[in-house]
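What follows is one structure encoded as structure tokens, with my remarks underneath.
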Amino acid sequence: MPPRTIDTRPTALAVWLVIAGVIGWIAAFALTTEKFHALANPDSGPASCDFSIVVQCTANLDSWQGSVFGFPNPILGLTGWVAPIVVGVAILAGARFARWFWWLFAAGITFAFGFVLWLIGQSIYMLGTLCPWCMVTWLVTIPTFYAVWVQLLRTGVIVDSPRARRVGDALASWVPLMAIVTYAIVLLLAQLRLDAIPQLIDILF
């Protein structure tokens, strides 16, 4: 028998995947450009995203945490953020995906989420910095993780039962709040460790 497809068309999720993918890709492109510029011009001075000792990109890009797999982490973003864009556009075009496809997509999003959480911890507690373009990546990865897994629950991918679908429907409206709470926790940790809020306010305003 052919693999079962998920019939529900998640238009809102599709739009968000495209928006998040574009934003994440732009952030990855900016960081990649900064890294290549630094390699080509080692004496060029601070990067354009270096605003202070705490809010900067250079320390993150130059650390081993910035090249965990042997190449700059932003290259992962350049390739990885294409997937949400393609999936979102495909859904808007009327595509329906098999259950196994959603599981693979969710696995990729979960890896990205876990990697971002690890990088947040490394950035705050080990490097003592907040990379601006990294924070943009965090900003879109976190709600994407919640939105995708709630969608899997709503469509019966995780557990194919009416109760699970109802739980998913109920959680859908809470995705923004879940993301905001996660942001607040990260900001609290950054404030306690780095006194980051005053510096972020100075940069923004």
Side-chain angles (χ1 to χ4, degrees), residues 15-39 45-69 71-85 88 108-149 174-205:
V15 172
W16 170 252
L17 289 176
V18 174
I19 294 173
V22 170
I23 294 173
W25 191 90
I26 290 172
F29 179 79
L31 281 170
T32 302
T33 301
E34 292 288 355
K35 182 63 175 180
F36 288 167
H37 178 74
L39 291 174
S48 62
C49 48
D50 288 359
F51 297 100
S52 68
I53 295 177
V54 171
V55 183
Q56 60 161 306
C57 298
T58 299
N60 297 68
L61 290 173
D62 290 347
S63 67
W64 70 264
Q65 293 94 330
S67 302
V68 177
F69 301 101
F71 54 84
N73 293 342
I75 295 178
L76 285 175
L78 285 177
T79 55
W81 281 113
V82 173
I85 297 173
I109 296 296
T110 302
F111 168 79
F113 180 73
F115 192 44
V116 159
L117 292 183
W118 181 78
L119 289 173
I120 290 173
Q122 292 294 308
S123 185
I124 294 174
Y125 290 100
M126 301 300 296
L127 301 176
T129 63
L130 293 173
C131 166
W133 286 115
C134 300
M135 289 190 288
V136 173
T137 301
W138 306 346
L139 189 70
V140 291
T141 301
I142 290 168
T144 300
F145 169 78
Y146 293 134
V148 168
W149 278 100
W174 290 89
V175 168
L177 180 60
M178 288 189 284
I180 291 172
V181 169
T182 307
Y183 298 152
I185 293 172
V186 173
L187 187 59
L188 176 62
L189 295 176
Q191 174 61 22
L192 293 175
R193 181 72 173 182
L194 306 173
D195 191 27
I197 293 178
Q199 300 189 57
L200 292 173
I201 291 175
D202 287 342
I203 292 171
L204 292 173
F205 303 103

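- Trp81 and Pro84 get closest at one heavy-atom pair: O-CD, 3.2 Å.
- Considering CD1 of Ile197 and CG of Leu187, their distance stands at 4.0 Å, rounded to 0.5 Å.
- The shortest non-hydrogen separation linking Val54 to Gln199 is CG2-NE2, 3.3 Å.
- Listed by chain and number, the residues in a side chain to side chain contact (heavy atoms under 4.5 Å, CB included) with Thr79 amount to none (sequence neighbours excluded).
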### Query
Can Gln122 and Trp64 be said to form a side chain to side chain contact (heavy atoms under 4.5 Å, CB included), step by step?
CA-CA 10 Å; Gln122 292 294 308; Trp64 70 264; 4.2 Å; yes

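- Thr110 and Trp149 share a side-chain donor-acceptor pair at under 3.5 Å.
- Counting heavy atoms from C-beta outward, Thr137 and Pro74 have side chains that stay 4.5 Å or more apart.
- Phe113 is not listed as a side-chain neighbour of Thr144, based on a closest heavy-atom distance of 4.5 Å or more.
- A heavy-atom distance below 4.5 Å is found between the side chains of Trp133 and Val136.
- In this structure, the side chains of Pro46 and Thr58 stay at 4.5 Å or more apart for every pair of heavy atoms.
- In this structure Leu204 satisfies the side chain to side chain contact (heavy atoms under 4.5 Å, CB included) test with no other residue, sequence neighbours excluded.
- Other residues, nucleotides and ligands place more than 12 heavy atoms under 6.0 Å from the CD1 atom of Ile203.
- Put simply, CG on Asn73 and CG on Leu119 are 6.0 Å apart, with the number rounded to the nearest 0.5 Å.
- Under the side chain to side chain contact (heavy atoms under 4.5 Å, CB included) criterion, Ala147 pairs with Leu13, Val175, sequence neighbours left out.
- When all heavy atoms of Leu200 and Met135 are compared, the pair lying nearest together is CD2-CE, 4.0 Å.
- Closest approach of Trp16 and Pro143 over heavy atoms only: CZ2-CG, 3.5 Å.
- Here the straight-line distance linking atom CG of Leu127 with atom CD of Gln65 works out to 4.5 Å at 0.5 Å rounding.
- In this structure, the separation between OG1 on Thr129 and CD1 on Ile53 is 11.5 Å, given to the nearest 0.5 Å.
- Cysteines Cys49 and Cys57 have SG atoms closer than 2.5 angstrom.
- Residues Gln191 and Ala196 come closest through the heavy atom pair OE1-N, 3.2 Å.
- Distance check: Thr182 OG1 to Ile120 CD1 gives 9.0 Å after rounding to the nearest 0.5 Å.
- Using a 4.5 Å heavy-atom cutoff, the side chains of Leu189 and Tyr125 are in contact.
- Environment of CZ in Phe115: crowded, with over 12 heavy atoms of neighbouring residues, nucleotides or ligands closer than 6.0 Å.
- Rounded to the nearest 0.5 Å, atoms CD1 (Ile85) and CD1 (Ile23) are 10.0 Å apart.
- For Trp174, the CH2 atom counts as loosely surrounded, since its 6.0 Å shell holds 12 or fewer non-hydrogen atoms of other residues, nucleotides or ligands.
- Residues Leu31 and Pro72 fail the side-chain proximity criterion, which asks for heavy atoms closer than 4.5 Å.
- Counting heavy atoms from C-beta outward, Leu130 and Trp138 have side chains that approach closer than 4.5 Å.
- Here the side chains of Val116 and Phe145 are not in contact, with every heavy-atom distance at 4.5 Å or above.
- Contact record, Ser123 with Asn60: OG-ND2, 3.4 Å, taken as the closest heavy-atom pair.
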